[in-house]
Amino acid sequence: MQKSITEIENEIVEDFNLFDEREDKIDYLIDLGKKLPHINSKYMLDDFLVKGCQSKVWLHAYEKDGKIFFEADSDSVITKGIIALLIKVLSGQSPTDIINNNLEFINRIELQSFLTSKRSNGLNSMIVKMKAYASAFA
Amino acid sequence: MQKSITEIENEIVEDFNLFDEREDKIDYLIDLGKKLPHINSKYMLDDFLVKGCQSKVWLHAYEKDGKIFFEADSDSVITKGIIALLIKVLSGQSPTDIINNNLEFINRIELQSFLTSKRSNGLNSMIVKMKAYASAFA
Amino acid sequence: MNDSIRAQFPILHQSVNGKPLIYFDNAATSQKPLAVINAIKDYYEQYNSNIHRGAHHLAQLATEKYENARTAVAQHINASEHEINFVRGTTEAVNLVATSYGRKFIKAGDEIIVSEMEHHSNIVPWQMLCEEKRATLRVIPINDAGEIIFEEYLKLLSEKTKIVSIAYISNAIGSIHPVKEVISEAHKVGAVVFIDGAQALPHKKVDVKDLDCDFLGFSGHKVFAGTGIGILYGKAELLEAMNPYMGGGEMIKSVSFAGTTYNDLPFKFEAGTPHIEGGISLGAAINYINEIGLDKIASYEDELLAYGTEKFLEVEGLRIVGTAKNKASVISFLVNNIHMNDIGILLNEQGIAIRIGHHCCQPLMDRLKIEGTCRASFAFYNTKEEIDATVNALKRIVKRLS
Amino acid sequence: MNDSIRAQFPILHQSVNGKPLIYFDNAATSQKPLAVINAIKDYYEQYNSNIHRGAHHLAQLATEKYENARTAVAQHINASEHEINFVRGTTEAVNLVATSYGRKFIKAGDEIIVSEMEHHSNIVPWQMLCEEKRATLRVIPINDAGEIIFEEYLKLLSEKTKIVSIAYISNAIGSIHPVKEVISEAHKVGAVVFIDGAQALPHKKVDVKDLDCDFLGFSGHKVFAGTGIGILYGKAELLEAMNPYMGGGEMIKSVSFAGTTYNDLPFKFEAGTPHIEGGISLGAAINYINEIGLDKIASYEDELLAYGTEKFLEVEGLRIVGTAKNKASVISFLVNNIHMNDIGILLNEQGIAIRIGHHCCQPLMDRLKIEGTCRASFAFYNTKEEIDATVNALKRIVKRLS
Ligand SMILES: Cc1ncc(COP(=O)(O)O)c(C=O)c1O
Ligand SMILES: Cc1ncc(COP(=O)(O)O)c(C=O)c1O
């Protein structure tokens, strides 16, 4: 069975806590980014771009059996790592769960501290966009 | 014979040096102001005002036997004290002497330090005006 | 108020001309508490950086502190953050509105109302606008006490009135205007109202929602922050409707020679690198006065005003200029036959700093048929003892000069 | 340069993410020496006061120091004091000229010339002016090295040209433009020239008489002074012919509702309470760099640039954007297939502060068909060791990400 958002969040936090050093945490993020499969090139169009990110982020979502699935890509590997986390947590969940979740893991792993510009890193834009997709399918 | 500008300047500096305290120096200035006779009321017109002084200063000059004589008044007694000093030094001198003199006594008695606003106290305007009169009669 | 507050203001602890400094020129500019001075020092010693588009640690810190200051100001006057525009001071706030609102919305024949006792900064920008647009500047007259004559104001209002711009508190003579009533009457004819809060913010709580003002401007340097910073508050829908003011970095979304799009509020009106240190110092100042409490400040200053008024009137030949019923802690005065200049100089000899002149209110002075006044203006770090010393000095001056 | 210079900059001595800070974001804003920080502290702790019309000791001191700063700036760029206007920064300088000169003298059909690599602050104000006046903005194209194409500039010049506005040094890629030649050609067709000196003043001697520029703008915060202050130099006869910019206190001679007369230079363009602290900090900064010597600074920075260029090119896949023959100590670069964002973040992890993005030069980025660059910009307090550390960090990043 699909794990709940909270369960996945806890796993991510545990994973991050394995690392004492900032450097290892960011390495982990880079690995996640590298491993995230490329999006189908038909979605690499301006229509699928998330606005407000310094790097390009393409995001696409589809619904299957009442769950929402996300696919995304970016030209920045660290951004991809972040997207990978968001997808881990939100992809395959129900629209309501996605809309209502506060994504507390972001603060718990202090993700913001790895992003150099809080206002324009686009993390927020990505979340807003993912929730918007969920609303559209709800 | 009329004393030279330098002689008068030296006298003023000596007078000031008699006082150790700022307070006594400014008292002396006030006394000079109080003692300066009022200008003839026919000169208390806007035409005779010196521009650029915070208080009103009326200044009038006339020539006699190649010497220039000044009369002045002000609604501020401290300003009048300053005028009294300038008149002491410059009144009765020849146009050339007036024009060429640098009025070094002003710095020697640190007159500026008693005036609260260097830029708008009008001391400069008064001197410029007195020299202008001298040029006109030269 | 007590010594622990004065201890926060290093500048107060010095001698001038051999006497302890008494600083009674607060309406011109306020002194700064250590909280503000240290905030400035920390900024430059620890995290100075250009902001907003920064990709590194210092830029992040500086952005956060600068935006926190905006939040502090917003909360302080009960506004939203995007309604808070950092400007240089009250003067720039008025000019910004006169230009960005006025040049867009004012047409020939429209009327703008100010009062007879405004600061030049709240007159000249409107004169310039009226000249350009062939609009008319109308002036609310005042009575001899220095209060606006409300019935006359009502008569000036008409459907031609597009802007009313008035100070909350007069810097020259301390009158507190009934701005809430001024605003609601202006709104009845559809005019927008700019409140010049330069003298209000240091003394009292200002709530833009409660006042329902459309714009509010004030200066950081008068409210215990550093120089070169100030605030323009505007209702979001008005700010959005206005033209941009200056062009440049920060205020754009994208630039190309084919066409440029402007940024959202509040960045729309903040072209170029902001006065980052100034914003942060303003945030620190706002936090500082809130820690003391504006109520406490206001009631202490009322006390100083009442005490000072009584004491100053003991001086022979002294008359107070400006006797509004509702008044801030400013005492403007003249002494029979003694030039204000002489009083200024002789008080300075005693280490006492007051201001003399027209206080940037020449039309008010013309109305009062005087050239200016001596002005002693009190802040919460002033004391009754300082008032006593000043009154004694004045008495001696009067004796000496008469 | 040596440790004794670095010791003057407290901010440099800190760790970021556990590593010693390397500050390579100097083109965005410079750090401040103790001479500047202490000048600010002294101002607030010892003699903060409003200026010019003050009638007391503190006002006198503050006025003197502020005006001394104006004198220091005037001497530094070989101008007269009344040609030096304190403004908020380069952005305001451009806007002031676009408004006060442009709105008075530009007519429909006139042409204004800028280059393709200008900062947004030197584009948007002219766009706004052109839109209002139905004038045309013409653009000097650049070659692939990032140099303006002088022959193309000559072709743009005609009797329609009224203003040419160009940076002395490009903030994005460091190109130093041949401004002296640009100016003399513009004068041949009767145009006035605004020089955006934002990036020039920190690095080299600028002599307005020698250049014969009509206007020069620069920002204090980029030249080791505090934020919120800058300079507009203008030839006196031009400044005198211009309309006032903002209205308010200081910039007037007398105000009445019947008519207002404006003050003389330099006060004409300085409405409201000035950023007194900022002016004083700028004076302190100018004195500081003159003590070190701009020649020494320039030649040391040239050394850093040469060394850095060589070293940076050792990084696999790295290309330098902007290879003008005449270049300031700015290295803009991109690395094959690696997003500038990732480089910014990962350098920041190593305590290294660079800037990434379009650097407020979107038209330049469009021309170069890139979205932005990573930019390392050096000041005289930077060292070759810092360059080595950065290059090593870059090499590790490239390895890690490829
Ligand atoms: C070349 C150039 N012009 C103009 C500016 C704008 O300066 P400021 O933001 O200080 O107004 C800058 C700085 O960002 C610059 O580098
Ligand atoms: C009532 C009032 N309005 C406007 C101003 C202008 O403020 P600033 O000079 O800080 O722009 C002042 C201060 O001088 C003031 O007291």
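A note on names: the letters A, B, ... follow the listed sequences, proteins ahead of strands, and every chain is numbered from 1. Values reported hereafter were calculated over all heavy atoms of this structure, with side chains retained and with hydrogens, waters and symmetry mates removed.
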**Asked** Where is the tightest heavy-atom contact between D:G247 and C:P125, given as atom of each residue plus distance?
**Response** O-CG, 3.5 Å
**Prompt:** About how many Å separate CD of D:E270 and OG1 of C:T91, when rounded to the nearest 0.5 Å?
**Reply:** 12.0 Å
**Complete:** Applying a strict 4.5 Å limit to non-hydrogen atoms, the region of D:S30 in contact with chain C is backbone
**Asked** When you check the side-chain N and O atoms of D:N17 and C:H57, is any donor under 3.5 Å from an acceptor?
**Response** no
**Prompt:** So which of D:A258, D:A98, D:G272 has the biggest tally of heavy-atom pairs under 4.5 Å with chain C?
**Reply:** D:G272
**Item:** Side chain proximity check, C:I276 to D:T29, heavy atoms < 4.5 angstrom
**Value:** no
**Request:** Go through D:C361, D:C360, D:A353 and name the one with the most non-hydrogen pairs under 4.5 angstrom from chain C.
**Result:** D:A353
**Prompt:** Are D:S49 and C:R355 close enough that some pair of their side-chain heavy atoms sits under 4.5 Å apart?
**Reply:** yes
**Message:** I'd like to know if the side chain of D:N95 and the backbone of C:M246 have a donor-acceptor N/O pair within less than 3.5 Å.
**Reply:** no
**Item:** C:L12, part contacting chain D, at a heavy-atom distance under 4.5 Å
**Value:** neither
**Item:** Whether D:Y23 and C:H56 hold their rings parallel, tilted or perpendicular, with breakpoints at 30° and 60°
**Value:** perpendicular
**Message:** Any heavy-atom pair between the side chains of D:T273 and C:T227 that's under 4.5 Å?
**Reply:** no
**Asked** Taking the side chain as C-beta and beyond, is there a heavy-atom pair between C:L21 and D:L58 under 4.5 Å?
**Response** yes
**Request:** Please indicate whether C:K65 has more than 12 foreign heavy atoms, meaning atoms of other residues, nucleotides or ligands, lying under 6.0 Å from its NZ.
**Result:** no
**Side-chain heavy-atom pair C:Q31, D:Y44 within 4.5 angstrom cut-off** = no
**D:P363 portion near chain C, given a 4.5 angstrom heavy-atom threshold** = both
**Message:** For a 4.5 angstrom cut-off between non-hydrogen side-chain atoms, does C:E277 reach D:H221?
**Reply:** no
**Request:** Among C:G226, C:G278, C:G220, single out the residue with the greatest number of heavy-atom pairs under 4.5 Å to chain D.
**Result:** C:G226
**Message:** Can you tell me which portion of D:Y262 sits under 4.5 Å from chain C's heavy atoms? Options are side chain, backbone, both or neither.
**Reply:** side chain
**Message:** Using the rule side-chain contact (heavy atoms from CB on, under 4.5 Å), only one of D:E118, D:Q362, D:H358 pairs with C:V255; which is it?
**Reply:** D:Q362
**Item:** Validation row: D:V114, C:F257 side chains within 4.5 angstrom (heavy atoms)
**Value:** yes
**Asked** Between C:D366, C:T90, C:I123, which has the largest tally of heavy atom pairs under 4.5 Å with chain D?
**Response** C:I123
**Item:** Side chain D:S121, main chain C:G249, donor-acceptor under 3.5 Å
**Value:** yes
**Prompt:** Does the side chain of C:E45 reach to within under 4.5 Å of the side chain of D:K32, using non-hydrogen atoms?
**Reply:** no
**Message:** Between D:G230, D:P10, D:P274, who has the most heavy-atom pairs with chain C when the cutoff is under 4.5 Å?
**Reply:** D:P10
**NZ on D:K41 to NZ on C:K41, rounded to 0.5 Å** = 6.0 Å
**Prompt:** Does C:R103 come within less than 4.0 Å of D:E132, counting only side-chain N to carboxylate O?
**Reply:** yes
**Message:** Tell me which of these, D:I37, D:I252, D:N48, D:V124, has more heavy-atom pairs under 4.5 Å with chain C than the rest.
**Reply:** D:N48
**D:L34, part contacting chain C, at a heavy-atom distance under 4.5 Å** = side chain
**Asked** What option among C:G357, C:G279, C:S254 has the most heavy-atom pairs under 4.5 Å with chain D?
**Response** C:S254
**N/O donor-acceptor pair under 3.5 Å between D:Q14 side chain and C:Q46 backbone** = yes
**Segment of C:E92 engaging chain D (4.5 angstrom heavy-atom cut-off)** = both
